[in-house]
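Step one of this worksheet: look at the structure below.
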Amino acid sequence: MNLAKILFTPALNTVKDAVRISLDLFKIMVPVVIIVKILQELNLIGYLAAPLGPVMKMVGLPGEMGLVWATALVNNIYSGLIVFLSLAQDQPLTAAQATILGTMILVAHSMPVELRVVQSCGPKLGFQLLARMGGALLMGLVLHLIYQNFHLLQGPANILLTPDNSAIDKTILQWATGEIRNLISIFFIIFCLLAVMRILTKIKVIAAMDFILRPFLTMMGIGSKASALTVVGLTMGLSYGGGMIIHESKSGNINKKDVFYSLTLMSLCHSLIEDTLLLMMIGGHVSGLFWGRLIMSCLLVAGLVQFTKFIPEYLSDKYLWGLPKKS
């Protein structure tokens, strides 16, 4: 009886927290997903691609790849890949070009949803938009210069994916059903993450992780309370790590600066495993998709930490981290 009670109470509390975190996310995600679908149905996404043509050429990519990035920016990586596969035969890329495009997509994608997730924690939307777009462009430019000047990855990209035309021809009902399945999956992933986090906390693994990461996190400007959630975001994704930070920031458990630095790092570099493997399937190389993205993101946030030390607090509150939102 006591054993059942010991197991039942934590499990029930975890379910309640998972529901609360998921609802916070769904309030943001559902309206944005619907708006993006409307833009797709009205064929308005193409208009967003036109200004990106010169940007693509700046980083050594064909201007047509702007449509791929624009699609990923307003929708998600998978939608961008569908467009990429439809263009790949007419616009063959080198491995270097595929890596540059993939890295830029990984840094800046699903912007309407992910920016709202970040904004809900307090950080200002304008700066986060600038950080992700600027970070993606900077990383693409740096990789382009490295690959071009050292003649690296100049062979043709090895594309392993094949087009899935059924994804384009979905009815509204099929689309809605798929989105509902996605939301249910997100709930179960959040539940599992919470359960694992509580087990790791109980057996002192999180404390050990904090101890190991503390010098690095101190340099980055991320406090120990946010460190575990930052690791979740880096490995699993911004929606999951961000969803947990929404919960913690509303509870007042993490200060506004930690929220800002943690979410900025997560925004630039998240889903390190899953998304990296996905973009490798269009010919991208791990040197840029994983290591380049991780190293440059850390350097950018480390520089941001130093830069913000010289900014008056009232300006930071107004333009950078804002004020934590209470529930």
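Residue numbers start at 1 and run along the sequence shown.
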**OP:** Please round to the nearest 0.5 Å and tell me the distance separating atom NE2 of H285 and atom CH2 of W291.
**Re:** 12.5 Å
**OP:** Return the minimal non-hydrogen interatomic distance between A131 and L268, and the atom names on each side.
**Re:** O-CD2, 3.5 Å
**OP:** Please round to the nearest 0.5 Å and tell me the distance separating atom CD1 of I77 and atom CZ of F84.
**Re:** 13.5 Å
Original post:
Are L304 and L300 close enough, and set up right, to give a side chain to side chain contact (heavy atoms under 4.5 Å, CB included), and what steps lead you there?
Top reply: CA-CA 6 Å; L304 180 63; L300 285 172; over 6 Å; no
Subject >> Distance, nearest 0.5 Å, that separates CG of L93 from CD1 of I100 >> reply: 9.5 Å
**OP:** Not counting sequence neighbours, which residues clear side-chain contact (heavy atoms from CB on, under 4.5 Å) with S110? List them please.
**Re:** N76, E114
Subject >> Point-to-point distance, once rounded to the nearest 0.5 Å, from CE of M280 to OG1 of T99 >> reply: 9.0 Å
Original post:
Hey, does the side chain of R132 reach the backbone of Q128 with a donor-acceptor pair shorter than 3.5 angstrom?
Top reply: no
Original post:
Does L277 share a hydrophobic cluster with I105, counting links as ILVMFWY side-chain heavy atoms below 4.5 Å and allowing steps through other members?
Top reply: yes
Subject >> Where G60 and Q97 come nearest, the two heavy atoms and their spacing >> reply: O-NE2, 2.8 Å
Subject >> Atom pair CZ (F290) and SG (C269), whose distance is rounded to the nearest 0.5 Å >> reply: 7.5 Å
Original post:
Of all heavy-atom pairs between T94 and Q154, which one has the smallest distance, and what is that distance?
Top reply: CG2-O, 3.6 Å
Subject >> Shortest non-hydrogen contact from A157 toward I282 >> reply: CB-O, 3.9 Å
Original post:
Residues two or more places apart in sequence or in another chain: which of them pass side chain to side chain donor-acceptor pair (under 3.5 Å) with S262?
Top reply: T230
Original post:
What closest approach, in Å, do M58 and L141 show between heavy atoms, and which atom pair accounts for it?
Top reply: O-CD1, 3.7 Å
**OP:** Look up atom CE in M65 and atom CG in L52, then write down how far apart they are to the nearest 0.5 Å.
**Re:** 12.5 Å
Original post:
Can you check side chain to side chain contact (heavy atoms under 4.5 Å, CB included) on M139 and L106, steps first, answer last?
Top reply: CA-CA 11 Å; M139 290 186 200; L106 290 178; over 6 Å; no
Original post:
Between F127 and F260, what is the ring plane arrangement, given parallel below 30°, perpendicular above 60°, and tilted in between?
Top reply: tilted
Subject >> Considering all heavy atoms, the nearest M104-V59 contact >> reply: SD-CG2, 3.9 Å
